[in-house]
Every structure is written in structure tokens, then in C-alpha cells.
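Residue numbers start from 1 in every chain, and the chains themselves are labelled A, B, ... in the order their sequence lines are given, proteins ahead of strands.
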There are 2 protein chains.
Amino acid sequence: MHVLIIEDEKSLHHEVQQFLVQSQYLVDSAYTYAEASEKIFVNSYDFVLLDLGLPGGDGLDLLREARRNDRQEASFIILTARGAIDDRVKGLDLGADDYLPKPFSLLELQSRMQAITRRKFGLKRQELTFGNGFQLDATGRTLRYHDQDVALTKKEFDLLHYLLLHKTRVLTRLQLGEHLWGNVLEDDSDSNYIDVHIKNLRKKLGQFAPADFLETVRGIGYRMAGDN
Amino acid sequence: MHVLIIEDEKSLHHEVQQFLVQSQYLVDSAYTYAEASEKIFVNSYDFVLLDLGLPGGDGLDLLREARRNDRQEASFIILTARGAIDDRVKGLDLGADDYLPKPFSLLELQSRMQAITRRKFGLKRQELTFGNGFQLDATGRTLRYHDQDVALTKKEFDLLHYLLLHKTRVLTRLQLGEHLWGNVLEDDSDSNYIDVHIKNLRKKLGQFAPADFLETVRGIGYRMAGDN
DNA sequence: ACGGCCCCATGCACGTTCTCATTATCGAAG
DNA sequence: CTTCGATAATGAGAACGTGCATGGGGCCGT
């Protein structure tokens, strides 16, 4: 999951960053309006944490811009100073997904992000199931097949998780690269490392059950089949 | 175990503090509302001892704030003046775990804390068992393997105890650092002292039985496996 | 002052990720 | 049905990152 932190206050920024990195998110940083604007335009994120009191411009403009051309599918969480109710209302009007009054604890941030993810993908529980017996727990970062653990590396897990969230949708290598590796859009790297990870994933899953649910869509990308 | 004492009356505060430090807790202190508020938001605790008659604000607000979308996983124990029944009721309503009418004995405090710990982790007895023959007694701070004592240092014991309480859950170095060393998040110490303690622990336990129940989760942290 | 414990620095070992060369497979066109 | 170009899968190994082992120094309590 690719997250952008927009916050000018250094220590808070750093704290949140550390926490998210530890929690296995892929984190980008912006400290000013200009920086944020560029990154939002160039990259594609799953979450944007947006502080409003930015040097160089009104943070809400960023949200407005991003929502206008829906190239940015990120969920926005607004970080407001305590009591700035106006900003909250305006933010939610503009399509923010949630707001978080400062000061907030990291646990709270985490649970909001999880809640948003669940809402966004219409999940009821934290676990994702697929392929007749596999069960992925995003919080514990574990995968099980009928009660036995399946050991995956970090990248393998992230890849599987992302495919699973967008089940039945075809994901291009570009999209996977952006959200899981933070690659910029245009670098058409002739590398095939995503293919390699797909292969490794199939191999590991294949030890338990035929991994035909992870389909190749020739010329486009990969896709996780829905259950039947 | 990380404890925050919120109490403005100096001598009582000091007395409790001394006692808890002696009992091998990791103790933080707050004497005012503002101080308490900051510490609660920055750190993560296992217990918060909360006096309600605070200078600078109503202590119940702290509890309310903390409980609003699980900001803190800490257990709150409210310290009430004798007879202030209203506060007790309000406190328990807001999700306090217990209350303690002043004056109270330190032994009583200790037994309440132990009771809460047992409740929180669903334990019936005081002892935690694991790895086919090990038995950890939290009160006596002793570890035995089939009736023979295993000598552990303070940090080794605390580490083992904490992992055991959260059995099957992966604990990051960050979490261990916060709860056992009281580290704040931002010091990104690239130190490996937690690894060292893990190693020493494994070595000591390994003298009695294979210590494979203490698993490494690469890139994340450590985890105590459940018994089979 | 002494001993033990805790923290830190270093070097090594191993697992993970990525690159590259090669082989297999697909799909369109003849 | 066959051929051919494009695309994907594979295997091997290089580069990188992370955890583990070890020993020394400093700090604390006795």
C-alpha cells in the first residue's frame, strides 16, 4: 500500500512515517504544498494523509484538484487541529474519506485506515478468503490454508494482498508497480521482476492447491479470479 | 509493562511510583492534565492509573478521549477520593477497567493490576505455560522447566513475559521497545539490543528444550508460537 | 571496587529481491 | 494447420538487506 504523508511539522511527520514504514506501508513524504502537489500528480496512492496548515497553499486545494481529475483513487484522511470544525466539514464535502483531530494516536490512525480499506472494498471482516481454503489476514500478515501456515515473503504477501483486494479486476504491471513498489508511471522498465514474483507466489500456493485462480491476462497484466 | 501514573498529590504519587518500579514496572509520571494528555498520546501503555482531581482539566476527559476509537489499548484504573461514587460510575461507564478508592494499600493496587492482566488476556491462573514444560510465574518473577528453576535476568524475563501474554501475535521491535523500554517512536535507533536479548533468551531456554517456539518473523519482529 | 547486566559495534550468514539469459506459450496471419 | 513475432514463464546467480553471533565497554547495584 502506497501512502503519502503531507505534514510540515517535522517531528509528527517523522513519527507517523516511522510507524507506517514499520507497518509495512510504502511511504512518500511531502512537507510543502508544492512538494505535495507534484507527488500527487505524478504518483498514485492508496492513502493521502493531509495536514491543512501547509506552507505555500491551502491543503484543501490539493484535495479538490485530486478529486477533479479522478486519476487519483487515493483515500484522503485530513489531519485537523483540534476543534477546527470548519475544516472538517469542508474536507468531507470535498470528498475526504475521514478526518483525524490532532493530537491523535498511531493506533487510532491505523484503525481508521483499516476501516477505510474495509469500506472501500466492501469487506465485512478483516480476513480475505480465496481459492477454496486460503485465508489471508492483513493485520497479522499471515496466510493460511486450512489451518496451516503458508510462509510468504514481504513482497509476495503484498502482491497477493493487492490482487485480492481488487479481486476479479485486471491489474497492469504499471499499477502493481506504482502501488507496491512506488514506481513512477512512465518508467517503462523492461524489467520483469513482477512476473518473477507472480511465479514465486504461484509456486508457493501451488504446493497446497492448484493456483489457477491467479490468471495471466496476456498483453495486460494479472488478475485474481472470483470464487465460484 | 509500561505504566503511567497520573496523580497531582506528590507524596502519594511518589509512593506508588517507588512501589511499581520496585515491582519491575516501567513507570512514567504526569502531575497535570496537560502532561498526562501529551504522554497518553505519544506513548503506548499497558496501564494508566488516573486520579480525577487534576489541575488543568477533568481526568475523565482523558479516559473519554483515549477510549474514543481505541486510541489506547491501556487498562485504566481510576483512583477516586473516598465516597465519590459518581465518579466511579462515570468512569466505569466510560470504559475504565477498575477503580480504587483512596486510601488504598499498595498490595491492593498490585492485586487489581494482576487481576486485570489475567482478565485482559483470558488467563485463569497466574502462571503462563509454554513450550511443553516451561512455566512462568508473573508474580514471583520466576521461570521453571519441569520443576527446576531457570534463571533469567530482568530484561529477559520481561521480554519473555510480554511475548507470552501476546502469544501467537507478531510483536514488532517498535512495540517491544515501547512497552519494555519506554522508547518513544521517533528515535529510530538502529540498535539491535532487542535482538541480543532474544538471542540470550533463546540460549538459556535452549539449554532445557529446543526453543523453536520463539519465532522470528523476518522484516517485522518476533512471535511466540501457540502450543499444539 | 567488583561483578553482573545491558547496550552497542562489528563481521558473518542467510533469505529476499532483482537482473539477465533462455525457453515455453500464445495468438494472429498466411 | 503451420509459421512467426510477441509476450510470459523459468532458472540461475548477483546484489542487497536483515537477523544472528560475539566480545568489549559502561553503568548500575551490592
Side-chain angles (χ1 to χ4, degrees), chain A residues 18 21-24 26 141 143 149-163 170-174 176-177 179-183 187-207 210-223, chain B residues 18 21-24 26 141 143 150-163 170-174 176-184 187-207 210-212 214-223:
Chain A
Q18 281 247 314
V21 167
Q22 272 268 332
S23 307
Q24 310 298 320
L26 181 68
R141 292 185 65 83
L143 175 68
D149 270 5
V150 183
L152 296 181
T153 70
K154 191 161 108 54
K155 276 283 169 330
E156 283 161 7
F157 184 91
D158 289 343
L159 182 56
L160 178 60
H161 185 204
Y162 201 77
L163 285 162
V170 181
L171 297 169
T172 66
R173 293 184 178 72
L174 225 60
L176 294 171
H179 287 270
L180 298 174
W181 278 267
N183 291 344
D187 79 280
D188 45 355
S189 62
D190 47 354
S191 172
N192 70 335
Y193 57 89
I194 291 176
D195 305 40
V196 173
H197 283 287
I198 289 277
K199 174 199 153 272
N200 293 335
L201 193 50
R202 278 179 177 149
K203 190 171 170 188
K204 283 200 182 168
L205 298 179
Q207 291 175 355
D212 50 1
F213 42 79
L214 214 176
E215 301 174 357
T216 303
V217 181
R218 205 178 169 80
I220 318 259
Y222 297 95
R223 149 171 183 259
Chain B
Q18 280 237 315
V21 168
Q22 239 159 48
S23 307
Q24 310 298 324
L26 182 68
R141 294 184 65 81
L143 175 68
V150 183
L152 297 180
T153 72
K154 183 164 118 51
K155 279 286 183 284
E156 282 161 9
F157 184 90
D158 289 343
L159 183 56
L160 178 60
H161 185 202
Y162 200 77
L163 284 163
V170 180
L171 297 170
T172 66
R173 292 183 177 69
L174 225 60
L176 295 171
E178 280 189 56
H179 287 270
L180 299 174
W181 279 267
N183 289 344
V184 191
D187 57 297
D188 46 354
S189 59
D190 48 354
S191 173
N192 67 338
Y193 57 89
I194 291 177
D195 305 36
V196 174
H197 285 290
I198 290 278
K199 177 199 151 273
N200 292 337
L201 194 50
R202 277 180 178 148
K203 192 171 170 187
K204 284 199 181 168
L205 299 178
Q207 292 174 354
D212 50 1
L214 214 177
E215 300 175 0
T216 303
V217 181
R218 204 181 164 82
I220 319 246
Y222 297 95
R223 158 179 161 217

Nearest heavy atom decides the nucleotide; on that basis, is A:W181 or B:W181 closer to the 5' end of DNA chain C?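 It is B:W181 whose nearest nucleotide is closer to the 5' end.
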So which one's nearest nucleotide on DNA chain C is more toward 5', A:E156 or A:R218?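 This one resolves to A:E156.
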Nucleotide [N], atom [atom2] - distance to [atom1] of [X] in whole Å:
X: B:L201; N: C:dC6; atom1: CG; atom2: C1'; value: 14 Å
X: B:L180; N: C:dC6; atom1: CG; atom2: C1'; value: 14 Å
X: A:Y193; N: D:dA14; atom1: OH; atom2: C1'; value: 18 Å
X: B:D195; N: D:dA21; atom1: CG; atom2: C1'; value: 11 Å
X: B:N200; N: D:dG23; atom1: CG; atom2: P; value: 12 Å
X: A:I198; N: D:dA9; atom1: CD1; atom2: P; value: 8 Å
X: A:R202; N: C:dT25; atom1: CZ; atom2: P; value: 13 Å
X: B:K203; N: D:dT22; atom1: NZ; atom2: C1'; value: 9 Å

Would you please classify the geometry between the B:Y193 ring and the B:H197 ring as parallel, tilted or perpendicular, with 30° and 60° separating the classes?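 Perpendicular.
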Please determine whether a side-chain nitrogen or oxygen atom of [X] lies at a distance below 4.0 Å from atom OP1 or OP2 of [N].
X: B:R173; N: D:dT18; value: no
X: B:T153; N: C:dC6; value: yes
X: A:Y222; N: D:dT7; value: no
X: B:S191; N: C:dC8; value: yes

Using the C1' atoms of five pairs at each end, what's the angle between the two axes of the helix from C:dA1-D:dT30 to C:dG30-D:dC1, to 10 degrees?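 The value is 30°.
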Provide the closest heavy-atom pair for [X] versus [Y] in the form atom of the first, atom of the second, distance.
X: B:I220; Y: A:Q24; answer: CD1-NE2, 3.6 Å
X: A:Y162; Y: A:L176; answer: CD2-CD2, 3.9 Å
X: A:I194; Y: A:R173; answer: CD1-O, 3.4 Å

Comparing A:V196 and A:V217 on DNA chain D - which has the more 5′ nearest nucleotide: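 The residue mapped nearer the 5' terminus is A:V217.
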Ignoring hydrogens and geometry beyond distance, is the side chain of A:N192 in donor-acceptor contact with the base of D:dT7 at under 3.5 Å?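 When only heavy-atom distances are counted, A:N192 does not reach the base of D:dT7 through any donor-acceptor pair under 3.5 Å.
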Quick one: which of B:N200, B:L160, B:D158, B:L159 gives a side chain to side chain contact (heavy atoms under 4.5 Å, CB included) with B:L152?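 The residue from B:N200, B:L160, B:D158, B:L159 that satisfies side chain to side chain contact (heavy atoms under 4.5 Å, CB included) with B:L152 turns out to be B:L160.
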Among side-chain atoms of B:R202 and B:T216, is any donor-acceptor pair under 3.5 angstrom?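 There is such a pair between these side chains.
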Give B:K199 one of three labels, base, sugar-phosphate or nothing, depending on what nucleic acid heavy atoms sit under 4.0 Å from its own.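 The residue B:K199 makes base contact.
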Evaluate whether atom NZ of B:K203 has more than 12 neighbouring non-hydrogen atoms of other residues, nucleotides or ligands under 6.0 angstrom away.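 No - once you tally the heavy atoms of other residues, nucleotides and ligands closer than 6.0 Å, there are 12 at most.
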